[in-house]
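Below is one structure, written out as structure tokens; comments come after it.
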Amino acid sequence: MTRMATRVVMAAALGVATLTAAPAGAQGMGAPSVEEQIKKIEKDRAAAVTKADVAALEAVTSDDYTLIDRNGRVRDKAQTMSAIKTGDIKITSNEVSDLKVRVYGDTAVVTGRADTKGTIGGRDVSGPMLFTRVYVKKSGRWQSVAFQQTAISTP
């Protein structure tokens with residue numbers, strides 16, 4: 001009878017421990033979700049663009065990256081980083097919002113809005129835009145492989 005009582009007490013204790021552990025993980029005590037990771041990368045990336053922090057941008061940009069800017073110009077990674085270094089792409093303000101992240105295994109698609117101030121190729125690109133960015137997890141790190149911008153036209 002003593003063994004049976006001990007087993008019941010142990011099973012009850014295990015059940016209580018399991019029930020109390022579940023809400024802690026649900027409250028964000030564990031690792032951030034992929035969606036949260038991608039949103040943070042996206043916000044950090046927006047800040048890095050305004051500082052022309054090419055090193056930070058290169059770390060989250062795949063070597064086979066493609067950018068289609070709001071003027072319809074296509075650039076690869078080397079061209080994009082060079083344009084930021086030289087000031088051909090000069091963004092002084094870049095506030096991202098309305099981020100929606102969809103995850104498909106090791107691929108994530110982000111859509112959102114950016115309110116920017118700056119120039120690309122000497123042309124003013126200030127104003128709101130919508131964008132789509134694709135990330136792929138490579139060697140344990142999320143890297144952008146494609147980015148497309150569309151200016152929001154005013155009626």
Can you find a heavy atom in the side chain of [X] that is under 4.5 Å from one in the side chain of [Y]?
| X | Y | value |
| --- | --- | --- |
| Pro128 | Arg113 | yes |
| Gln143 | Val136 | no |
| Arg123 | Asn71 | yes |
| Val145 | Thr66 | no |
| Thr111 | Leu130 | no |
| Trp142 | Gln37 | yes |
| Ile68 | Arg73 | no |
| Val101 | Lys39 | yes |

Could you state the interatomic distance from [atom1] ([X]) to [atom2] ([Y]), rounded to the nearest 0.5 Å?
| X | Y | atom1 | atom2 | answer |
| --- | --- | --- | --- | --- |
| Thr80 | Asp69 | OG1 | CG | 8.5 Å |
| Ile120 | Leu67 | CD1 | CG | 7.0 Å |
| Arg70 | Met129 | CZ | CE | 6.0 Å |
| Asp76 | Ser62 | CG | OG | 11.0 Å |

With the 4.5 Å side-chain cut-off for hydrophobic clustering, are [X] and [Y] part of the same group?
| X | Y | answer |
| --- | --- | --- |
| Val109 | Phe131 | no |
| Val96 | Val60 | yes |
| Tyr65 | Val134 | no |

Worksheet item: Is there a donor in the side chain of Thr61 and an acceptor in the side chain of Arg45, or the other way round, less than 3.5 Å apart?
Response: yes
Worksheet entry | Side chains of Glu42 and Tyr135, donor plus acceptor under 3.5 Å |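 Their side chains do contain a donor-acceptor pair, which is all the 3.5 Å distance test asks for.
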Worksheet item: Tell me, which pairs form a side chain to side chain donor-acceptor pair (under 3.5 Å) where one or both residues lie in residues 88-101, sequence neighbours left out?
Response: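 Matches after skipping sequence neighbours: Arg75-Asp88.
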Practice prompt. Give a yes or no on this: more than 12 heavy atoms of other residues, nucleotides or ligands lie within 6.0 Å of atom CZ of Arg102.
Written response: yes
Worksheet item: What pairs of residues pass the salt bridge (Lys or Arg N to Asp or Glu O under 4.0 Å) test when at least one of them lies in residues 48-64, not counting sequence neighbours?
Response: Asp63-Lys77, Asp64-Lys138
Practice prompt. Please report the closest heavy-atom contact between Gly112 and Leu99, naming both atoms and the distance.
Written response: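 Scanning both residues, the minimum pair turns out to be CA-CD2, 4.2 Å.
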Practice prompt. Heavy atoms only: give me the nearest Val125-Thr116 pair and the separation to one decimal.
Written response: O-OG1, 3.1 Å
Discussion item. Before you tell me yes or no, could you show the steps for Gln79 and Val74 under side-chain contact (heavy atoms from CB on, under 4.5 Å), namely the whole-Å CA-CA distance, both residues' side-chain angles and the distance that decides it to 0.1 Å?
Written reply: CA-CA 9 Å; Gln79 292 167 328; Val74 179; over 6 Å; no
Worksheet entry | Residues forming a side chain to side chain contact (heavy atoms under 4.5 Å, CB included) with Ser126, sequence neighbours excluded |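 Once residues adjacent in sequence are excluded, the partners of Ser126 under the side chain to side chain contact (heavy atoms under 4.5 Å, CB included) criterion are Lys117, Asp124.
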